[in-house]
Amino acid sequence: VQLQASGGGLVQAGGSLRLSCAASGDTFNSYTMGWFRQAPGKERQFVSRITPSPSITYYADSVKDRFAISRDNAKNMVNLQMNSLKPEDTAVYYCAAIRGRYYGTSNFPYWGQGTVVTVSS
C-alpha cells in the first residue's frame, strides 16, 4: 500500500488543523491506519490508530481529547482532526499502515512521506 499525507501547515496555539492520508494499491479497509509524529531532535512517537471497520480508535495520552482519527473507506483516506493545538505538537506527522486489525503502537511496515505541522505560541 502507498500512502500520501497532506494538510500540514502553520497554526497558532489553540488552533486546528486536519491532516489527511490517501492510500492506494491495496484494499484500504484491510489495514489498520496510524499517525505518528517526530519533533526536531526527538524520536518518532505514536499519535493515534484506527482499525478496519468496525473501527476501534486509540490515542496517545498527549493528544487524547484533542485529536480525532477517522477513516473514509469509500475514498481510501484516513484523517486526523487536531484541535486545541499546542506548540509541543510541532512535528513532522506521518501516516502508517499495517495489514489487519492491529492493536499495537509500533512496527507499522508502510509509511507515507510526512507533513509538517508547526504550532506557534
Would you say Q81 and N79 are linked by a side-chain donor-acceptor pair, where the criterion is simply a distance under 3.5 Å?
no
With sequence neighbours left out, which residue pairs that include part of residues 10-30 fulfil the salt bridge (charged side-chain N to carboxylate O under 4.0 Å, His left out) condition?
D26-R99
Same cluster or not: are I50 and I98 linked, directly or through other Ile, Leu, Val, Met, Phe, Trp or Tyr residues, by side-chain heavy atoms under 4.5 angstrom apart?
no
Residues 113-121, side-chain donor-acceptor partners within the protein, below 3.5 Å, at least two apart:
{"residue": "Q113", "atom": "OE1", "partner": "A5", "partner atom": "N", "Å": "3.2"}
{"residue": "Q113", "atom": "NE2", "partner": "A5", "partner atom": "O", "Å": "2.9"}
{"residue": "T115", "atom": "OG1", "partner": "G8", "partner atom": "N", "Å": "3.0"}

Tell me every residue that passes side-chain hydrogen bond (donor to acceptor under 3.5 Å, both in side chains) with Q4, counting only those two or more places apart in sequence or in another chain.
none
Any donor-acceptor N/O pair, T51 side chain to I56 backbone, under 3.5 Å
yes
May I have all residue pairs that pass salt bridge (charged side-chain N to carboxylate O under 4.0 Å, His left out) and include part of residues 39-61, sequence neighbours excluded?
D61-K64
What's the separation between atom CG in D65 and atom CG in N83, rounded to the nearest 0.5 Å?
11.0 Å
Output for pair (M33 CE, L80 CG), nearest 0.5 Å, gives 11.5 Å
Across all chains, not counting sequence neighbours, the side-chain hydrogen bond (donor to acceptor under 3.5 Å, both in side chains) partners of N76 are none
Which residues pass the side-chain hydrogen bond (donor to acceptor under 3.5 Å, both in side chains) test with S48, not counting sequence neighbours?
none
Can you list every pair that meets salt bridge (charged side-chain N to carboxylate O under 4.0 Å, His left out) and has a residue in residues 67-80, with sequence neighbours left out?
none
Per the disulfide (SG to SG under 2.5 Å) rule, what does the pair list look like for residues 14-92, sequence neighbours excluded?
C21-C95
Could you name each residue pair satisfying salt bridge (charged side-chain N to carboxylate O under 4.0 Å, His left out) that touches residues 104-121, not counting sequence neighbours?
none
Nearest 0.5 Å, please: how far is CG in N29 from OG in S55?
6.5 Å
Flag the pair T32 / P52 as yes when at least one side-chain heavy-atom distance between them is below 4.5 Å, and no otherwise.
yes
Side-chain touch V47/M82, heavy atoms, less than 4.5 angstrom:
no
Checking V63 against R37 for the side-chain contact (heavy atoms from CB on, under 4.5 Å) test, could you report, in this order, the C-alpha distance in whole Å, the side-chain angles of both residues, the deciding distance, and whether it holds?
CA-CA 11 Å; V63 306; R37 66 186 182 187; 3.9 Å; yes
Can you name the salt bridge (charged side-chain N to carboxylate O under 4.0 Å, His left out) partners of R101, sequence neighbours left out?
none
Scan residues 55-82 for pairs that pass ring pair (Phe, Tyr, Trp, His ring centres under 6.0 Å), counting only residues two or more places apart or in two chains.
F46-Y58
Residue pairs, two or more places apart or on separate chains, that pass ring pair (Phe, Tyr, Trp, His ring centres under 6.0 Å) and touch residues 81-109:
F36-F108, Y102-F108
